[in-house]
Amino acid sequence: MAAATDKLLTGDIFAKALISGIHRVIGQQEHLNKINVFPVADSDTGTNLSLSLSAALGVLRDEREKHLGTMLAAVADVLLDGARGNSGAILAQFFQGMSDAAGETTRFTTYTFGRAVSTGSEYAHDALSKPREGTILSVIDAFAISLSHQVSQLKEENFPAIFNVARKRVADALANTPSQLAVLRKAGVVDAGAKGFAELVNGIDDYLQSSVVTPVPDVAVLQNIEPAVDFSAADNASSFRFCTECLVTGVDIDRRKLREALAEIGDSLVLAGSKRKAKIHIHVDEPERVFDVARQFGELAAQKADDMHRQQHATHDAARTFAVITDSAADISDADMERFDIHMVPCRIQFGDRGYLDKVSITSDEFYDELRNNESHPTTSQPAPGDFRRQYQFLASHFAHVLSINLTSRASGTFQGALAAAERVNAAGEIHVVDSLNASIGQGQLAVLAAECADAGVSVEDTLQLIQEQIPRTRSFALLDDLRFAVRGGRLPHWVKTVADWLRLMVVIGTKTDGRIALSGFLLGRNRRLAKFARHIAARVKSDEPLVVGIGHAICEQDAQQLAVHIKENFPNIEKLTIDSLGTALGVHGGPGTLLVSTSPYVSADNIARGID
């Protein structure tokens with residue numbers, strides 16, 4: 001039977017209609033990004049909605065016959081897991097309401113469908129701590145009211161007919177959003193989240209009228225169009241820095257108490273889900289406070305925290321042709337991160353049953369304090385693929401190219417994860433994923449050099465050539481003060497510690513040109529260990545050209561300062577020397593007291609500005 005005459009909406013028909021709607025949203029991704037000014041002007045609503053709804057496509061494209069109630073429950077569940085951003089979380093809650101209203105039904109009548117949408121609208125409103133008119137909520141509400149009126153007052157039983165009318169009501173509600181929110185009126189745009197929901201309805205209606213699914217859009221042709229909205233992010237910037245999200249699973253989650261606890265620490269709170277699973281979205285300055293609250297209500301998973309301040313800067317940086325991003329295994333000073341607008345994807349750290357986002361929900365000092373006192377030795381893991389994909393998709397929508405410089409593939413699967421994520425992002429701007437064959441400060445030096453090139457207007461092609469030349473010439477050496485941590489983490493066998501203790505040897509590990517992190521040698525005795533360490537490095541780094549030297553320390557800054565004196569004695573041709581805290585990439589294996597030195601050839605600002613031959 002053609003969809004145009006259907007009075008019953010089966011699971012199979014609704015699945016195709018939803019696919020059509022999701023394709024419409026994905027096709028509008030870049031436009032939604034450009035008009036995104038509320039609740040924060042961070043130009044990511046289109047990306048977040050596309051990622052959120054795309055999570056449901058696997059369920060919807062399953063070719064087996066679909067039981068409507070079961071399918072909706074599965075859609076609601078994957079949307080909750082994959083929800084990104086404010087609008088994504090609201091949509092997840094909308095479908096949760098539809099699912100709960102549908103129950104075990106095998107097909108919708110217009111009446112039961114209208115009731116399910118009304119329940120979804122109620123759930124969506126309840127998800128927000130402070131619902132606002134002029135947002136996606138207003139358009140969802142208009143959709144629900146139109147359906148309810150048609151089926152209860154007009155007794156309409158034909159799905160194409162009710163959708164055709166509801167589509168017009170949704171369009172009217174969308175056009176009215178600027179009159180409801182001053183920030184939209186000032187920018188001269190409709191609400192981006194509301195526009196996204198309208199496109200979802202439009203795509204569903206297109207299928208119901210024609211039985212033809214809106215094709216998968218060629219998103220690539222939509223990327224990197226000049227911004228259509230002349231609107232300063234400062235006009236609508238959040239007072240908080242991190243867009244923070246996580247999942248809480250439990251038996252009987254008290255969502256009211258969870259909402260009350262979260263409302264005290266941030267804004268833009270959306271709490272979606274059910275008593276067994278809740279998705280938290282909130283803007284805060286300290287993501288770990290969110291995670292601490294969430295742990296009180298159940299098991300925590302899927303933590304993420306995106307730096308909105310850096311994202312807002314990216315959306316208004318027209319001078320650069322490419323963005324630079326790295327993972328948190330790279331150690332880079334806060335000053336360089338801010339100055340060169342380097343983006344970072346956090347790795348994961350696990351102490352027993354408690355997890356952290358590296359450099360986001362745990363600082364270096366807190367990490368080393370935990371390392372000293374926690375009986376559970378930490379494990380580190382690469383960022384989740386979705387973390388890379390989300391960042392790549394956001395940056396690719398604002399830059400012609402994205403250059404990702406990642407932890408050596410010989411020590412972690414981070415590079416492969418980044419590569420897989422890049423392959424999944426459909427963007428006109430190429431995403432270049434580079435295996436740094438380095439870690440810590442060495443990896444950071446490569447990322448900073450790439451960012452300096454971007455800042456100087458060097459092309460991404462020339463920058464890639466320079467980085468590839470620098471990789472084998474960038475060396476790192478770490479002096480381990482206490483081998484217990486390397487043994488506990490499985491990086492060194494226990495006998496090495498036994499022999500080193502017996503012979504009073506100090507272990508030096510280093511990066512090899514093939515990316516391995518391995519034994520570099522031993523120092524005999526602790527007496528004058530810093531001078532010996534400097535000479536050890538000088539014997540292995542033979543260079544007459546100017547150098548960049550970075551010294552990292554695991555909460556032993558005084559030792560780092562003294563080491564710098566010896567490094568300068570052995571390397572008179574240093575052009576730049578920095579001293580910074582050492583992160584987790586090597587710190588987890590070296591522990592407190594670890595010292596690290598990275599060296600790389602110096603490239604002058606003049607050469608960068610002139611371009612690299």
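- Summarising the local packing, CG of Asp334 is surrounded by 12 or fewer heavy atoms from other residues, nucleotides or ligands at distances under 6.0 Å.
- Every pair passing salt bridge (charged side-chain N to carboxylate O under 4.0 Å, His left out) that includes a residue from residues 383-409 is listed here, sequence neighbours excluded: Asp306-Arg390, Arg348-Asp387, Asp387-Arg390.
- Residues in residues 436-445 take part in no salt bridge (charged side-chain N to carboxylate O under 4.0 Å, His left out) pair, two or more places apart or across chains.
- Annotation for Glu545: atom CD counts as buried by contact number, over 12 foreign heavy atoms lying within 6.0 Å.
- More than 12 non-hydrogen atoms from other residues, nucleotides or ligands lie less than 6.0 angstrom from CZ of Arg540.
- Salt bridge Asp514/Lys512: absent, no basic N to carboxylate O contact under 4.0 Å.
- Judged by distance alone, the side chains of Thr474 and Asn438 never bring a donor and an acceptor atom under 3.5 Å apart.
- Checking Asp191 against Thr135 by side-chain atom types alone, no donor-acceptor pair falls below 3.5 Å.
- Within the structure, salt bridge (charged side-chain N to carboxylate O under 4.0 Å, His left out) contacts touching residues 391-401 (residues at least two apart or in different chains) do not occur.
- Using modelled atom types, one finds no donor on one side chain facing an acceptor on the other under 3.5 Å when comparing Asp365 with Thr363.
- Thr408 places no side-chain N or O within donor-acceptor distance of the main-chain N or O of Ala439, the cut-off being under 3.5 Å.
- Judged purely by distance below 3.5 Å, without hydrogens or angles, the side chains of Ser87 and Asn48 never pair a donor atom with an acceptor atom.
- Lys34 and Glu30 are not joined by a salt bridge, as no carboxylate oxygen comes within less than 4.0 angstrom of a charged side-chain nitrogen.
- Panel note: side chain Asp435, backbone Ser409; a donor-acceptor pair is recorded below 3.5 Å.
- With no hydrogens or angles considered, a side-chain donor-acceptor pair links Gln443 and Thr326 at under 3.5 Å.
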